[in-house]
Protein chains: 2
Amino acid sequence: MMMAQESIRVLVVEDHHVVRQGLVALLNVVDGIEVVGEAADGVEAITQFRKHQPHVTLIDLRMPRLSGVDVIQRIRMETPQARFIVLTTYDGDEDIYRALQAGARAYLLKGMTTDELIATIRAVHAGKSHIPPAVAQRLAERMGTEELTPREFDVLEQIVRGKSNKEIATELEISEATVKTHINSLLGKLGVTDRTQATTAAIQRGIVPLESLRKPKP
Amino acid sequence: MMMAQESIRVLVVEDHHVVRQGLVALLNVVDGIEVVGEAADGVEAITQFRKHQPHVTLIDLRMPRLSGVDVIQRIRMETPQARFIVLTTYDGDEDIYRALQAGARAYLLKGMTTDELIATIRAVHAGKSHIPPAVAQRLAERMGTEELTPREFDVLEQIVRGKSNKEIATELEISEATVKTHINSLLGKLGVTDRTQATTAAIQRGIVPLESLRKPKP
DNA sequence: AAGCTTCTCCACCGAACGATGGAGGCCAGG
DNA sequence: CCTGGCCTCCATCGTTCGGTGGAGAAGCTT
């Protein structure tokens, strides 16, 4: 079988077996694209990247062991020209922001069509960026948003866990007055007026991931 | 190519292109399983079911036009012996409960392995049910839980949207006193002590889906 | 050294919230 | 018919929250 010039070498990083196999199956029948490796978690991703030096890496953000954002950061330290396309199920994800900052070139929802996927891979390989208008808008909004300080983040996390100010004070070993100060500040930064709105905002934007709420935190 | 006896006829209903194609690709190479149809939303699912009368239907719960639960209910009205395997990304989903009540026989996370998938299809086709221990436990917990009344649900939804009691009263055209009554009641049923905890509980259990929070509601 | 941010804490206030114990009307199921 | 669930409303009470305007200490940058 003839190869058209040089194929685009692609690495697929995705922990959901079915999705990963679907991607590989789809891409391998496309002319000019070659899947050179697969990984099911972050650590594996780095190993595979070093081994295969792909042109483009399709990568899920939520993964075991090492998150997508971490993977992008680490790989770009040693290989700055590496190109990443971020895959996500949900589009309200705070991590997208970090991923794009970390150097991802494009962003795709898993509900994309095959054509979109292929077009994006080609575009990114050609050096372009590709961010859907909806995401671009969210990004712009996020840019204008002040970032929470570490302590404010701690307090927000406790709020989402349903703790009262007094409980938060105990948990963080600070006075209730200080808790209120942080809350006042973070409410402003999130653009909301009370702790309930802060909670939905935090979850919607992925600032506090839902999964983190199960473990009581040791 | 020889077929082993009769193949299990499978319908795949899933709106994410990549996932759907992945499933189809995986299943079609398995001996004894034949994908007879695909659907990308609920309405299509019903059409395809009528046309192909599959033995087993793999179905995602979150879909455009008609939800997975609705599809299961409608199809079982006309074809009670129809067998369903529910697919979901997230395992804290309230809909699983309804889906199993509606007659689904099994439940799989999208992170499953190929072997699990195939084994489950065979088991369900053979008339067995297949529910992972973790889900069974959650189900049991849910069973003991009192259900919210329609009105309590309305109030909860407004709470999650960040509305104050006064705003909820206006929105639902009832007095603030009544809002408080409902809140008191729903807090008890959810097993929480304040509106913030109610919010995370509602989102975690999927009682109020995150997607529903964007649209202001007409 | 001066300036910045962050974290810590204080006092005070009004508004919102949650808990409690009632009460009347409506409608479906026994 | 009448019991039970649901929805509606009332008053009261103590607690929690959020807003405001401070202030000192530590750390980083310039």
Side-chain angles (χ1 to χ4, degrees), chain A residues 94 98 101 142-205 207-208 217, chain B residues 94 98 101 142-205 207-208 217:
Chain A
E94 175 79 356
R98 297 196 205 106
Q101 274 204 323
R142 201 70 80 256
M143 294 297 279
T145 306
E146 294 175 89
E147 286 212 356
L148 298 186
T149 68
R151 213 48 173 163
E152 285 161 2
F153 180 86
D154 291 341
V155 173
L156 178 58
E157 192 179 357
Q158 297 298 319
I159 287 177
V160 176
R161 283 172 192 269
K163 303 284 180 62
S164 70
N165 291 350
K166 194 176 298 187
E167 288 171 325
I168 298 174
T170 306
E171 178 74 32
L172 300 183
E173 294 176 304
I174 54 181
S175 85
E176 204 180 327
T178 307
V179 174
K180 286 191 178 188
T181 305
H182 290 312
I183 290 180
N184 232 287
S185 173
L186 71 86
L187 289 181
K189 290 183 181 176
L190 292 178
V192 300
T193 63
D194 58 54
R195 59 176 53 223
T196 309
Q197 290 177 7
T199 298
T200 50
I203 296 174
Q204 261 187 329
R205 303 185 193 173
I207 300 173
V208 178
K217 161 177 187 182
Chain B
E94 176 80 356
R98 297 196 206 107
Q101 274 204 324
R142 201 70 81 257
M143 294 297 277
T145 307
E146 294 175 88
E147 287 211 354
L148 298 186
T149 68
R151 212 48 172 164
E152 285 161 3
F153 179 86
D154 291 340
V155 172
L156 178 57
E157 192 179 357
Q158 297 298 320
I159 287 177
V160 177
R161 284 171 191 267
K163 303 284 180 64
S164 70
N165 290 351
K166 193 176 296 188
E167 288 170 326
I168 297 174
T170 306
E171 178 73 33
L172 301 182
E173 294 175 302
I174 56 182
S175 85
E176 203 180 327
T178 306
V179 174
K180 286 191 177 187
T181 305
H182 290 313
I183 290 180
N184 231 285
S185 173
L186 71 85
L187 289 182
K189 290 183 181 175
L190 292 178
V192 299
T193 62
D194 60 53
R195 58 177 51 222
T196 308
Q197 290 177 9
T199 298
T200 51
I203 294 174
Q204 261 187 328
R205 302 185 194 173
I207 299 173
V208 177
K217 165 180 186 180

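In what follows, chains are A, B, ... by sequence order, proteins preceding strands, each numbered from 1.
- Of the listed nucleotides (dC9(D), dG18(C), dC17(D)), dG18(C) has the atom at the smallest distance from the side chain of N184(B).
- Separating the NZ atom of K180(B) from the P atom of dC13(D) is a distance of 13 Å, rounded to the nearest angstrom.
- Within the structure, every side-chain polar atom (N or O) of T149(B) is placed at least 4.0 Å from both OP1 and OP2 of dC6(D).
- At whole-Å resolution of the value, CG in L172(A) and C1' in dT6(C) are 15 Å apart.
- For H182(A) and dC9(C), the shortest distance from a side-chain N or O to OP1 or OP2 is not below 4.0 Å.
- For dT8(C), the OP1/OP2 oxygens have no side-chain nitrogen or oxygen of S175(A) closer than 4.0 Å.
- The nearest whole Å value for the distance from the CD1 atom in I174(B) to the P atom in dC10(D) is 11 Å.
- Between L186(B) and F153(B), every side-chain heavy-atom pair lies at or beyond the 4.5 Å cut-off.
- Within the nucleic acid shown, S164(A) comes within 4.0 Å of sugar-phosphate atoms alone, with no base atom in reach, counting heavy atoms only.
- Within the 4.0 angstrom heavy-atom criterion, base atoms lie near T181(B).
- Backbone-only engagement by N165(B) is indicated by non-hydrogen atom pairs under 4.0 Å involving sugar-phosphate atoms exclusively.
- The side chain of A177(A) lies closest to dC10(C) when the candidates are dG18(D), dC10(C), dC10(D).
- Between H182(B) and L172(B), every side-chain heavy-atom pair lies at or beyond the 4.5 Å cut-off.
- Inter-residue side-chain proximity for L190(B) and R205(B) is flagged as met; some heavy-atom pair is nearer than 4.5 Å.
- Distance, E147(A) CD to dC4(C) C1': 17 Å, rounded to whole Å.
- Closest contact between the side chain of K166(A) and the listed nucleotides dC7(D), dC17(C), dT16(D) involves dT16(D).
- When rounded to the nearest whole Å, the span between CZ of R195(B) and C1' of dC17(C) equals 7 Å.
- In this structure, CG of D154(A) is placed 14 Å from P of dT6(C), rounded to the nearest angstrom.
- Counting heavy atoms from C-beta outward, Q158(B) and V179(B) have side chains that stay 4.5 Å or more apart.
- Rounded to whole angstrom, the span from the CD1 atom of I183(A) across to the P atom of dC9(C) amounts to 14 Å.
- Here the P atom of nucleotide dC26(C) and the CZ atom of R151(B) are 17 Å apart, to the nearest Å.
- Note on E157(A) versus R161(A): salt bridge recorded, some NZ/NE/NH1/NH2 to OD/OE distance being below 4.0 Å.
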